[in-house]
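Atoms considered below: every heavy atom in the structure, side chains included; atoms not considered: hydrogens, waters and symmetry mates.
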Amino acid sequence: MAPRASHPTCSSACLLAELHEDMPAAARHLAQKQTGLQDQNNHQMTQGWPATSLPKASCSQQLQLKIVAGIHVSSGESQGESPVLPLPPQVGRMKSLRFASAEALASHPQVALQSLDSVAHNLYPLLFKASYLLERAEVIRALLQRWPLEEFRLGALLGPSTDHAGDLRDRACRACLERTCCELQADPHAAQHSIKVLADIFVTDGNFQLVVQALGPAAPAPLRLHCLSFRADSLDPSQLLQVLCLAGPGELRRLQVVHNVRLHAGHVQQLLAQLHFPQLVSLTLPAKAFDTPPACAPTTEGEDPLLTSIAWELSQMTQLTELSVAFSTLTGNIQKLLGPLRTPLRALDLANCSLNHADMAFLAGCTHAAHLEVLDLSGHSLIHLFPSSFFRLLGRAAQTLRVLTLEECGIEDRHLSTLILALSPCQQLQELRFLGNPLSASALRRLFLALCELPKLRWVEFPVPKDCYPEGAAYPQDELAMSKFDQQKYELIAEDLRGVLLRAGRDDIQVSTPVFGSFDPDIQETSNELGVFLLQAFKTALENFSRALKQME
């Protein structure tokens, strides 16, 4: 590809003049409606590029192409993610004439492809966002092939800007990213460029083959994919191992294996021992990830070679500061798992791990306690069974703790004084979640008065008061029972609780009761696969039941 001449004196006005001639009447009308808006020509773009044309990078120069779409993770590199600057009030709900013109050009791919060589380099980011918004994959592909700037940061490109207030970072344009990236990889004419792609990957059974193709192209390709964050759902263990090998575990910073990935302790040990993750900062394992493999021979009491091996592998990850092992049975094994770690944990999720007194005592006294910023101990009767350990744990974490989750912990009205006393030193606390606890309206009112004393608290998720359920309702509740409450009574109580905050001058605290949890776009994306998984599980259960009946005959 021959280098193009740069246009150092070309401004957005030049582009508008050229576009106006090629623009259909409807598109011109759309652009003319924006003439009353302030043009942002003299403002620096939020991506950090100046509003003057930049020289094109040499073909031999390696470009840093950073893709962070939908999953917000920092690369950890020295240059860091470009910040998204706050928008001026007057453009909060509008777009500039420049962006309207870019939309008009992107909406006519043939015109756009013929005009790209005449577009000033500093306008490429604007045209990219307009093309992404309109899902014009062919224009995006052409932009990437000609990209003249030294960096390509998708998070900054798609975020709010003075030209367009819309935030497209959570909008997955599959056509723009797949047809673009995979075809560009296979294009021999694009091989003059050497582009390092820093990607956050979400892989499921539905896109598994596509991801494998992108991570391991058959021939040298201009796009070299490097994975920083990896999230896996609806894969079998062999698929997970294969795709992680291709993703480059040596560079991986975040690994989330969630939902429908059925791992046991043998799989986890094999994964960690074979691949190694020296740069891993955050690790999330699925439910039952520490269960003993079905064919594993029983061991003597107190010995678990798989757990010992897993703990040793974790101890080799010198960057690890976030660990989530929710819904794994770890009774009596917390010290074995966390004791060998070389770095203090900042985030720890032990929800529904069946902890005992020894586990809680270790947590309260270990090094991690004084560094925790995010802690989830849901599913444990903390105040009823471990009041002193729980009190001591929060006391040691008080200087750093920002997010605390205590859902379905059996916290009742009689435990309220202990809970308030335990929370009072946590002056850095910003978020508190305690859904599913059987607290009355009067107890919640008293708790809210105490929460007003936490200066940095901004978010509270509280349970439906037990006054709103039929008398004698059992806890923890299933989804059906949880949904059957007096909605009108709840609204009155919730309004009273908000009044407590307002009268204390704490209108900065947002409160809610997400009975069925918060929306997870990744769950939504894999809903069809989840349905298949449930059907397969149901079929397996029926087969096992049928087999058992035959054995009884």
Point-to-point distance, once rounded to the nearest 0.5 Å, from CG of Leu421 to CZ of Phe391: 4.0 Å

Step-by-step side chain to side chain contact (heavy atoms under 4.5 Å, CB included) determination, Leu454 to Leu432: CA-CA 11 Å; Leu454 301 179; Leu432 176 64; 5.9 Å; no

Any donor-acceptor N or O pair under 3.5 Å, side chains Arg346, Ser282: no

Which atom names give the shortest non-hydrogen contact between Pro340 and Gln335, and what distance separates them? CD-O, 3.9 Å

Are Lys489 and Glu491 close enough for a salt bridge, meaning some N to O gap below 4.0 Å? no

Side-chain touch Leu307/Phe290, heavy atoms, less than 4.5 angstrom: yes

Regarding Asn260 and Ser234, do their side chains bring together a donor and an acceptor under 3.5 Å, going by distance alone? yes

Quick one: which of Arg253, Met317, Arg254 gives a side-chain contact (heavy atoms from CB on, under 4.5 Å) with Gln279? Arg253

Hey, does the side chain of Thr204 reach the backbone of Gly206 with a donor-acceptor pair shorter than 3.5 angstrom? yes

Electrostatic pair Lys95-Glu103, nearest N-O below 4.0 angstrom: yes

What one should report as the nearest heavy-atom pair of Leu345 and His368 is N-ND1, 3.1 Å

One should read off an interatomic distance between Cys227 SG and Leu252 CG, to the nearest 0.5 angstrom, of 5.0 Å

What closest approach, in Å, do Val243 and Phe208 show between heavy atoms, and which atom pair accounts for it? CB-CE1, 3.9 Å

How about Thr284 and Leu255: do any of their side-chain heavy atoms sit closer than 4.5 Å? no

Return the CG to CG distance between Leu419 and Leu439, rounded to the nearest 0.5 Å. 8.0 Å

Can you tell me how far OG1 of Thr321 sits from CG of Leu283, rounded to the nearest 0.5 angstrom? 11.0 Å

Among Glu373, Arg402, Lys456, find the residue that satisfies the side chain to side chain donor-acceptor pair (under 3.5 Å) test when tested with Gln428. Lys456

Evaluate the salt bridge (charged side-chain N to carboxylate O under 4.0 Å, His left out) criterion for residues Lys336 and Asp304: first the C-alpha distance (whole Å), next the side-chain angles of each, then the deciding distance (0.1 Å), finally the verdict. CA-CA 10 Å; Lys336 293 178 185 177; Asp304 190 339; over 6 Å; no

Determine, stepwise, if the pair Arg433 / Ser512 fulfils side chain to side chain donor-acceptor pair (under 3.5 Å). CA-CA 10 Å; Arg433 298 175 173 88; Ser512 68; over 6 Å; no

Taking NE2 in His384 as the centre, count heavy atoms belonging to other residues, nucleotides or ligands within less than 6.0 Å. Is the count above 12? no

Which atom names give the shortest non-hydrogen contact between Leu416 and Leu447, and what distance separates them? CD1-CB, 4.0 Å

Quick one, Leu285 with Val258, criterion side chain to side chain contact (heavy atoms under 4.5 Å, CB included). Give me CA distance, side-chain angles, the key distance, then yes/no. CA-CA 6 Å; Leu285 294 174; Val258 297; over 6 Å; no

Donor-acceptor check, side chain of Ser328 to backbone of Ala289, threshold 3.5 angstrom: yes or no? yes

Where is the tightest heavy-atom contact between Lys129 and Leu157, given as atom of each residue plus distance? CD-O, 3.4 Å

Does the side chain to side chain contact (heavy atoms under 4.5 Å, CB included) test come out yes or no for Leu350 and Leu363, once each step is laid out? CA-CA 11 Å; Leu350 294 174; Leu363 285 176; 3.7 Å; yes

Without hydrogens or angle criteria, can the side chains of Ser440 and Asp467 be said to hold a donor-acceptor pair below 3.5 Å? no

Between the CD1 atom in Ile334 and the SG atom in Cys366, the distance rounded to the nearest 0.5 Å is 9.5 Å

Counting neighbours of CD on Gln319 that are heavy atoms of other residues, nucleotides or ligands and sit closer than 6.0 Å, is the number greater than 12? yes

What is the distance from atom CG of Leu435 to atom CZ of Phe462, rounded to the nearest 0.5 Å? 9.0 Å

Could you check whether Asp236 pairs with Arg262 (Lys NZ or Arg NE/NH1/NH2 to Asp/Glu carboxylate O, under 4.0 Å)? no

Judged by modelled atom types alone, do Gln213 and Gln209 share a side-chain donor-acceptor pair under 3.5 Å? no

Could you go step by step and tell me if Ile201 and Arg231 meet the side chain to side chain contact (heavy atoms under 4.5 Å, CB included) rule? CA-CA 6 Å; Ile201 296 176; Arg231 181 179 172 101; over 6 Å; no

Has Gln488 got more than 12 heavy atoms of other residues, nucleotides or ligands less than 6.0 Å from its CD? no

Is the shortest side-chain N to carboxylate O distance from Asp508 to Arg506 below 4.0 Å? yes

Which atom of His164 lies closest to which atom of Leu133, heavy atoms considered: NE2-CD2, 4.0 Å

Can you confirm whether the side chains of Glu408 and Ser378 place a donor and an acceptor under 3.5 Å from each other? no

Are Pro425 and Leu394 packed together at the side-chain level, in the sense that at least one heavy-atom pair is separated by less than 4.5 angstrom? no

